[in-house]
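Indexing begins at 1, ligand by ligand and atom by atom, following the structure's order. Because the structure is predicted, anything quoted here is derived from the model rather than measured. Position 1 is the first residue of the sequence; numbering continues from there. Just the heavy atoms: all of them, side chains too, but no hydrogens, waters or symmetry mates, feed the values below.
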Amino acid sequence: MTAKILDGKAIAAELRESIKQEVDKQVALGKKAPGLAVIMVGEDPASQVYVRNKKIACQKAGFNDVSVVLPTDTSQEEVLALIDKLNADDDVHGIIVQLPVPNQIDPEEIIERIHPCKDVDGFHPYNVGRLATRMPQLAPCTPHGVMTMLAKTGIPLRGLNAVVVGASNIVGVPMMLELLNERATVTVCHSATKDLAKKVSEADLVVVGVGIPNMVKGEWIKDGAIVIDVGINRLDDGTLCGDVEYDVAKEKAGWITPVPGGVGPMTIATLLENTMQVAYHLDCKV
Ligand SMILES: Nc1nc2c(c(=O)[nH]1)N[C@@H](CN(C=O)c1ccc(C(=O)N[C@@H](CCC(=O)O)C(=O)O)cc1)CN2
Ligand SMILES: [Mg+2]
């Protein structure tokens, strides 16, 4: 069997177009454009690409982009003061701090300083708790974008055996919660997991986000399974590859995401979606 492709680039473009239409409608009614502040500290080359792409996506969707790039040696106190200012600014609906941050910055304290109602990355413990208690408010963009992609397959998630490989706060843990909330049976695997190959081979749905090129072998994939590859790894020759051995996996899977052009574009479209929710639809009282 050759897998159907879950085309994240196309699904994200569709989502961004629907967001743009909603923004145009709300602005015509006299509302403010959604304002998004992406704070980037330092010059990490990959982050520069992602932040630039977020800026372009904001502009195309009619958002007010109020992003800030700070020098590598910025102190924790300076970042906290900037967040306080953005929290108090009525033109700003969403605030995120691009990760990773330089070593002198403590990301946990920074994330907790963002007001939970402006936490469009969904990383604040309040929003993680909401997702964990089945009352989601602002959910992390990558896993929520994966849920949007999964809906496109038309396959009900209820009762599926889902295996999530990787237990990070950005991907693995919120992915587990999203899938659990749809009544999948979820196993989370990580670096201490024994016999990963066996776990993956029993999965109807596999989501991999570990950052190790081709770590999940194609031969492990169950016939017809849905394979979601969150990994984006740059190889020495400059090309990108995922965490799944794509060429082999696509001959076994029922559905598969490519890298690039899979989950990555969904992360940015979902960030816009969260920001638009804050601007127009979310009744957030914290
Ligand atoms: N504060 C956050 N930091 C980080 C997040 C996040 O969600 N919030 N996620 C990643 C980086 N990221 C968004 O910030 C991101 C990564 C990749 C892509 C993407 O579209 N990738 C393309 C390939 C792009 C390339 O050429 O390198 C693709 O997969 O097709 C978008 C967003 C870590 N930090
Ligand atoms: Mg203002």
Side-chain angles (χ1 to χ4, degrees), residues 5-13 15-16 36-58 60 65 67-70 79 82-83 86 94-102 105-114 118-124 127-128 131 138-149 166 168-175 178 207-211 213 227-244 246 256-275:
I5 306 299
L6 264 172
D7 183 345
K9 202 172 162 191
I11 301 167
L15 178 56
R16 286 191 283 109
L36 176 63
V38 177
I39 302 172
M40 178 162 132
V41 187
E43 295 176 349
D44 177 73
S47 293
Q48 286 174 326
V49 173
Y50 306 143
V51 170
R52 189 172 66 239
N53 289 344
K54 287 174 185 183
K55 254 177 148 32
I56 294 168
C58 271
K60 284 190 180 163
D65 165 43
S67 298
V68 187
V69 178
L70 299 170
V79 181
L82 174 61
I83 290 172
L86 294 167
I95 306 167
I96 73 164
V97 176
Q98 188 64 35
L99 300 174
V101 284
I105 306 287
D106 167 16
E108 271 87 32
E109 190 187 15
I110 297 285
I111 287 165
E112 271 203 274
R113 192 69 155 247
I114 296 171
K118 294 192 178 190
D119 167 40
V120 286
D121 253 338
F123 296 161
H124 191 291
N127 284 315
V128 178
L131 188 60
L138 288 166
C141 300
T142 299
H144 198 67
V146 169
M147 297 308 281
T148 305
M149 295 176 99
S168 69
N169 290 345
I170 298 184
V171 179
V173 169
M175 192 74 250
E178 290 269 16
V207 183
V208 189
V210 287
V227 177
I228 307 288
D229 192 347
V230 183
I232 302 170
N233 308 293
R234 193 167 291 279
L235 302 179
D236 290 340
D237 65 1
T239 58
L240 293 179
C241 83
D243 294 344
V244 177
Y246 182 82
I256 195 165
T257 60
V259 178
V263 175
M266 293 303 296
T267 297
I268 295 183
T270 307
L271 177 66
L272 299 187
E273 188 180 33
N274 280 350
T275 307

Looking only at distance, does [X] have an N or O less than 3.5 Å from an N or O of ligand 1?
X: Thr142; value: no
X: Val97; value: yes
X: Asn53; value: no

Q | Closest approach of Arg16 to Ala269 (non-hydrogen atoms, all atoms of both residues) | A | CG-CB, 3.8 Å
Q | Atom of Ile39, atom of Leu86 and distance for their closest heavy-atom approach | A | CD1-CD1, 3.8 Å
Could you check [atom] against the protein and tell me its nearest heavy-atom contact, residue, atom and distance included?
atom: atom 21 (N) of ligand 1; answer: Ile232 CD1, 3.6 Å
atom: atom 27 (O) of ligand 1; answer: Arg234 NH2, 3.3 Å
atom: atom 30 (O) of ligand 1; answer: Gly261 N, 2.6 Å
atom: atom 11 (C) of ligand 1; answer: Tyr50 CD1, 3.4 Å
atom: atom 25 (C) of ligand 1; answer: Leu240 CD1, 3.6 Å
atom: atom 13 (C) of ligand 1; answer: Lys54 NZ, 3.4 Å
atom: atom 31 (C) of ligand 1; answer: Gly264 O, 3.4 Å
atom: atom 3 (N) of ligand 1; answer: Leu99 N, 3.1 Å

Q | Residue part near ligand 1, for Ile268, under 4.0 Å between non-hydrogen atoms | A | side chain
Q) Counting only heavy atoms, which portion of Lys9 has something under 4.0 Å from ligand 1: side chain, backbone, both, or neither? A) neither
(Q) Does atom CD (Glu43) have a neighbourhood of more than 12 heavy atoms from anything else shown, all under 6.0 Å? (A) no
Q. Is the number of heavy atoms from other residues, nucleotides or ligands within 6.0 Å of CG (Asp236) greater than 12?
A. no
Q) Heavy atoms of the protein only: does one fall short of 4.0 Å from atom 9 (N) of ligand 1? A) no
Q. Which option out of Asp121, Val259, Asp229, Val263 puts a heavy atom nearest to atom 6 (C) of ligand 1?
A. Asp121
Q) Short list, please: which atoms of ligand 1 are under 4.0 Å from a heavy atom of Pro260? A) 28 (C), 29 (O), 30 (O)
**Q.** Numbering as shown, the atoms of ligand 1 that approach Gln98 to under 4.0 Å (heavy-atom distance)
**A.** 1 (N), 3 (N), 4 (C), 11 (C), 13 (C), 14 (O), 34 (N)
Q: Would you check whether Pro265 reaches within less than 4.0 Å of ligand 1, judged by its heavy atoms?
A: yes
